[in-house]
Q: 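Attaching a single structure in structure tokens format; questions to follow.
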2 protein chains.
Amino acid sequence: MTEPRRRPGPKRALTEEAVLDAALTLLDTDGPGAASIRRIAAALGVSPNSVYTYLPDKSAIEQALVERLLGDLNRAAPGGDDWRADLEALALDLRRRLTAHPGAVPLLLGGAMNGPEALLLGERLLDLLDRAGLAATEAARGAYLIMSYVLGAIALEVADVPRAGALAPERDRIAARRAAMSQVPAAMFPRTAAAVDVTATWIGTEQYLWGLRRVLDGLSTHA
Amino acid sequence: MTEPRRRPGPKRALTEEAVLDAALTLLDTDGPGAASIRRIAAALGVSPNSVYTYLPDKSAIEQALVERLLGDLNRAAPGGDDWRADLEALALDLRRRLTAHPGAVPLLLGGAMNGPEALLLGERLLDLLDRAGLAATEAARGAYLIMSYVLGAIALEVADVPRAGALAPERDRIAARRAAMSQVPAAMFPRTAAAVDVTATWIGTEQYLWGLRRVLDGLSTHA
DNA sequence: ACCTGAACACCGTTCAAGT
DNA sequence: ACCTGAACACCGTTCAAGT
């Protein structure tokens, strides 16, 4: 992450940062799987092997990408005096950043969340739930519950659309979801078919926040 | 899925079922990514191209695998008179089946949940929440919330272990989690480090069920 | 120290040909 | 109708060689 002293030798053509930039751009442009080492190298005008100078292998690139995204989130800390507002803002910010890079979502859910930035995010959740008045055990379990819900909801939302680079605007995705649901045979799935008319915004920000609030309600009830 | 009438022609060497069996075995043995068309074909003693006779492409194999797992779950319906017990049993059964095939979890969260068995599972959730006394809107949103939590929690749990074929026994995974957490520097992540001592079973069945109950509490509170 | 080209062991998928 | 071998355009990674 830091480069303390440069050793002698030929000039570096790249930086770890540049490799991650290229990987993220490919992910955003051409979807998951597009961030291959060979395509990253090509985008940087360098031979594939050269990438191995900066990161040891493919999975290191993926982990570093996850850490960068979480680091950006952690550094954009709001920090007001209302724990509930802060928690909702944090959850919404995570969702905003991940839906902006849908190709990166599988990386988050595919690898262990044990990097420094992932730990820092967990620490922030624990702090928020402490401010909420939860006991240590409830806070620890609650933080894991919130993380599970938040990542699961984002993953389902991102997976819902046939993957092709960037995510469509939320209004379009909701419309597509409703259109798809209206095609469900009511004879076989009566409740699912009926649910189309029940609410206009079945997925999207509103549903995400609704779910988060039910989770927080459940935590308060228990405390 | 069904084979109504066989057309004339040479004998079929395989069935779609056999292809999926081989794919799942490879997934269980060698982890995600092991279920390549070429390895499936090799395991079945057939040329790679031959697989395309039964399923149109790789993603069709993955979708069919997901549908089979959800189908098994749907067909193992318990159905008592206590909606809460039924819901918890269903959630536990899903978790049990997915942790038995950790390599299949990314397939579930990577593709849209819109196959017949996925719809049927959604239908069952809606029915359970209707029995819980929830109004139609709350049931629809609640079903989506439960699905998000349940899949997110399972994905985090499966991703927590360095992926290598089958999942270790839960007791071992909890011990490994605790060991890893005890290595977290307390100076930098005080709350995370303190959480190690807070509860002996921080992940696993107990945490999963605890989270589900908080979600259900939140739904009841809101209703 | 960092780059390169060449190679190895893989992929998914398509094509043309056999029966 | 279903199989096969051969081929195409890819992968991640390693090795040996250049500067």
Side-chain angles (χ1 to χ4, degrees), chain A residues 2-20 22-23 25-27 29-65 103 106-107 110-111 162-165, chain B residues 2-20 22-23 25-27 29-65 103 106-107 110-111 162-165:
Chain A
T2 56
E3 282 127 317
R5 293 151 287 159
R6 288 289 321 288
R7 302 273 197 70
K11 54 213 164 288
R12 293 198 145 216
L14 313 169
T15 60
E16 180 183 317
E17 177 111 6
V19 173
L20 298 182
T25 300
L26 282 165
L27 236 37
T29 311
D30 299 341
S36 70
I37 289 186
R38 295 178 109 104
R39 288 188 66 173
I40 291 170
L44 294 167
V46 107
S47 101
N49 302 341
S50 179
V51 173
Y52 287 91
T53 302
Y54 303 93
L55 291 144
D57 55 24
K58 181 84 181 296
S59 81
I61 297 179
E62 296 174 348
Q63 284 174 237
L65 223 37
L107 307 183
R163 314 286 299 94
Chain B
T2 56
E3 283 129 314
R5 292 154 285 157
R6 290 289 320 290
R7 300 274 198 70
K11 54 212 164 286
R12 293 198 144 215
L14 313 170
T15 60
E16 180 183 318
E17 176 112 6
V19 173
L20 297 182
T25 300
L26 283 166
L27 237 35
T29 311
D30 299 341
S36 70
I37 289 185
R38 294 176 110 105
R39 289 188 66 174
I40 293 170
L44 294 167
V46 107
S47 100
N49 303 339
S50 179
V51 173
Y52 288 91
T53 303
Y54 303 92
L55 291 144
D57 55 25
K58 182 85 180 296
S59 80
I61 296 179
E62 295 175 348
Q63 285 175 237
L65 223 36
L107 306 183
R163 313 286 299 95

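As the structure is a prediction and not an experimental result, all values here were calculated from the model. Each chain gets a letter, A, B and so on, in the order the sequences are listed, and its residues count up from 1.
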Q: Give the rounded distance in Å between these two atoms: CZ of Arg39(A) and C1' of dC10(D).
A: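 Arg39(A) atom CZ is separated from dC10(D) atom C1' by 10 Å.
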
Q: What is the distance from CG of Leu44(A) to P of dC3(C), rounded to the nearest Å?
A: 11 Å

Q: Under 4.0 Å between a side-chain N/O of Thr53(A) and OP1 or OP2 of dA1(C), yes or no?
A: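 No, because none of the side-chain N or O atoms of Thr53(A) sits under 4.0 Å from OP1 or OP2 of dA1(C).
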
Q: Paired stems touching DNA chain D, three or more consecutive Watson-Crick or G-U pairs with both distances under 3.5 Å?
A: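 Counting only runs of 3 or more consecutive pairs, the stems involving DNA chain D are C:4-8 with D:12-16, C:12-16 with D:4-8.
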
Q: What is the distance, rounded to the nearest whole Å, between atom CG of Asp30(A) and atom P of dA9(D)?
A: 18 Å

Q: To the closest 0.5 Å, what do you measure between OG1 (Thr15(A)) and CG (Leu44(A))?
A: 9.0 Å

Q: Can you check the Arg12(A) CZ to dT4(C) P distance for me, whole Å?
A: 14 Å

Q: So, is Tyr52(B) close to the dT14(C) phosphate, meaning a side-chain N or O under 4.0 Å from OP1 or OP2?
A: no

Q: Using 0.5 Å steps for rounding, measure from the CG atom of Leu26(A) to the CD1 atom of Ile40(A).
A: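 It is 6.5 Å, given to the nearest 0.5 Å.
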
Q: Rounded to the Å, how far apart are Ile37(A) CD1 and dG12(D) P?
A: 5 Å

Q: To the nearest angstrom, how far is Ile40(A) atom CD1 from dC11(D) atom P?
A: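 It is 10 Å, rounded to the nearest whole Å.
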
Q: Which sits closer to the 5' end of DNA chain C, Pro48(A) or Ser36(B), going by the nucleotide each is nearest to?
A: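 Here Pro48(A) is the residue nearer the 5' end.
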
Q: If you compare all heavy atoms of Ala41(B) against all heavy atoms of Pro48(B), which two are closest, and at what distance to 0.1 Å?
A: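 Scanning both residues, the minimum pair turns out to be CB-CA, 3.5 Å.
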
Q: Could you state the CZ-P distance from Arg38(A) to dA7(C), rounded to the nearest angstrom?
A: 13 Å

Q: Looking at Ser50(A), does any N or O in its side chain come under 4.0 Å of the phosphate oxygens OP1/OP2 on dC3(C)?
A: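 The answer is yes; a side-chain N or O of Ser50(A) sits under 4.0 Å from OP1 or OP2.
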
Q: If you look at every heavy atom in Lys58(A) and Ser36(A), which pair is closest and at what distance?
A: CE-CA, 4.3 Å

Q: Under 4.0 angstrom, heavy atoms only, what part of the nucleic acid is Ser47(B) near: base, sugar-phosphate, or nothing?
A: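 Ser47(B): base contact, heavy atoms under 4.0 Å.
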
Q: If only side-chain N and O atoms of Tyr54(B) are considered, is one of them under 4.0 Å from the OP1 or OP2 phosphate oxygen of dC3(D)?
A: yes

Q: If only atom types and distance count, is the side chain of Tyr54(A) paired as donor or acceptor with the main-chain N or O of Leu14(A) below 3.5 Å?
A: yes

Q: Considering non-hydrogen atoms only, spot the tightest contact between Tyr52(A) and Ile37(A) and give its length.
A: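 The pair with the smallest heavy-atom distance is OH-CD1, 3.4 Å.
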
Q: What integer number of Å spans the P atoms of dA9(C) and dA9(D)?
A: 22 Å

Q: Quick one: pull up CG in Leu27(A) and CZ in Arg39(A) and give me the separation to the nearest 0.5 Å.
A: 10.5 Å

Q: Starting from P on dT14(D), measure out to NZ on Lys58(A) and report it in whole angstrom.
A: 14 Å

